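Here's the structure we're looking at; comments come further down.
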Number of protein chains: 2
Amino acid sequence: MPGTPGERQESLDVIQRELTAFARRARAAAARLHPELPLVSYTLLAHIDDRHGCRATDLAAHYMLDKSTVSRQIGALEKLGLVERHPDPNDHRIQVLHPTEAGTQALASTQASRRSAYQERLADWTADDLAGFAEYLLRYNAAGDTSTTSPQTPKA
Amino acid sequence: MPGTPGERQESLDVIQRELTAFARRARAAAARLHPELPLVSYTLLAHIDDRHGCRATDLAAHYMLDKSTVSRQIGALEKLGLVERHPDPNDHRIQVLHPTEAGTQALASTQASRRSAYQERLADWTADDLAGFAEYLLRYNAAGDTSTTSPQTPKA
DNA sequence: GGATTTCAGTTGTATAGTACAACGAGTTAG
DNA sequence: CTAACTCGTTGTACTATACAACTGAAATCC
């Protein structure tokens, strides 16, 4: 069993190094994979679709982005005809975001190509390993959500 | 048991989503953690240090960056007094890059603070889980290295 | 009910990181 | 010597981002 502190530190260093390496390549890789729908827009659109309508503020909170960033991203998506903004009848400050038909389609095709890229890349992994990796990533990201990481000290 | 194809696909989707989420947060998180030494500069500096001197072209190839990008990054590092450029006596086109004393120190302190950030974030993980996560990340990144174009030594 | 405060979103401005293209200087091949 | 190639820089442009200032709408407070 890995019980020595040294092994623990070694694992931490590997995790740090490999996550850094991944982060560095991720954007370039995503850009090459989908020149049509940039990484960030894709992510936001996916979230909007997932929630079947949400507010810009939700997106900003979830992705730890400034509201101005989200505003511009949404503007771009709207200009591309991929999302629609509907004012909330109960609260006129709020814009409820929905994917358009084109947005849903763009998302589906992007997800399909991403999916197949991941499938290919992880083709020789066992189902157990995939499940384990997925669980670790979930745990890792969840830790980030709750901890001190925030761009503008918004957390109350 | 995770034997059904559906579960496999589910894990793949989780991996895709969580890695994407991580990629989106990574830069901002790094920027917050080290306002002094931006992520990319840090990475390049680490590589220069690791190799004990290398060329800008090597960095561009290794990190899949445009040479202009590397040129500017190196320029910034030089302006900060963290790297030095020495002309290669045998080939005057080439600049051999070396970390300065300050560069080595900055790197060490950045690495230390990164390390402690990871330690804190993963404090409640068991050593087994850390080892497992590290192994998965290694495997994942190794797959990416081979699938992408340039033949490079995968990990430092 | 009106003043103040808070919330949602936009816009101006600035910065990092990146790519592509055009170029300059050095090196090598014919 | 000339041509082709290589290494690096610079001009330009674009994406993603943050922060600050602002508008408009809702909530709170007295």
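Per chain, numbering begins at 1; letters A, B, ... match sequence-line order. From a predicted model like this one, the values you see are computed outputs, not experimental measurements.
- The interatomic distance linking B:Leu65 (CG) with C:dA19 (C1') rounds to 10 Å, in whole Å.
- Legend: ring-ring contact (aromatic ring centres under 6.0 Å, His included) pairs involving residues 87-121 of chain A, not counting sequence neighbours, sorted by first then second residue: A:His86-A:His98.
- Under the 4.5 Å side-chain heavy-atom criterion for Ile, Leu, Val, Met, Phe, Trp and Tyr, A:Phe22 and B:Ile15 are members of the same hydrophobic cluster.
- Residues passing the side chain to side chain donor-acceptor pair (under 3.5 Å) test with A:Thr43 are B:Arg24, sequence neighbours excluded.
- A heavy atom closer than 4.0 Å to some atom of DNA chain C occurs in A:Arg85, these being the qualifying members of residues 77-91 of chain A.
- Side-chain N/O atoms of B:Arg93 and base N/O atoms of C:dT27 include no donor-acceptor pair closer than 3.5 Å.
- Residues satisfying the salt bridge (Lys or Arg N to Asp or Glu O under 4.0 Å) criterion with B:Arg8, sequence neighbours excluded, are absent altogether.
- Under the 4.0 Å criterion applied to side-chain N and carboxylate O atoms, A:Arg139 and B:Asp129 are assigned as salt-bridge partners.
- Judged as a side chain to side chain donor-acceptor pair (under 3.5 Å), and not counting sequence neighbours, the contacts of B:Asp91 are B:Arg93.
- Evaluated for a side chain to side chain contact (heavy atoms under 4.5 Å, CB included) with A:Ile48, the options A:Ile74, A:Leu82, A:Asp58 yield exactly one hit, A:Ile74.
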Could you go over nucleotides 20-22 of chain C and give all protein N or O partners under 3.5 Å, atom names and distances?
residue : atom : partner : partner atom : Å
C:dC20  : N4   : B:Ser68 : OG           : 2.6

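- With 3.5 Å as the limit, one finds a donor-acceptor pair spanning the side chains of A:Ser68 and A:Asp66.
- Ranking D:dA18, D:dG8, D:dA16 by closeness to the A:Gln73 side chain, first place goes to D:dA16.
- Phosphate contact (OP1/OP2 of D:dT9, side-chain N/O of B:Gln95, threshold under 4.0 Å): present.
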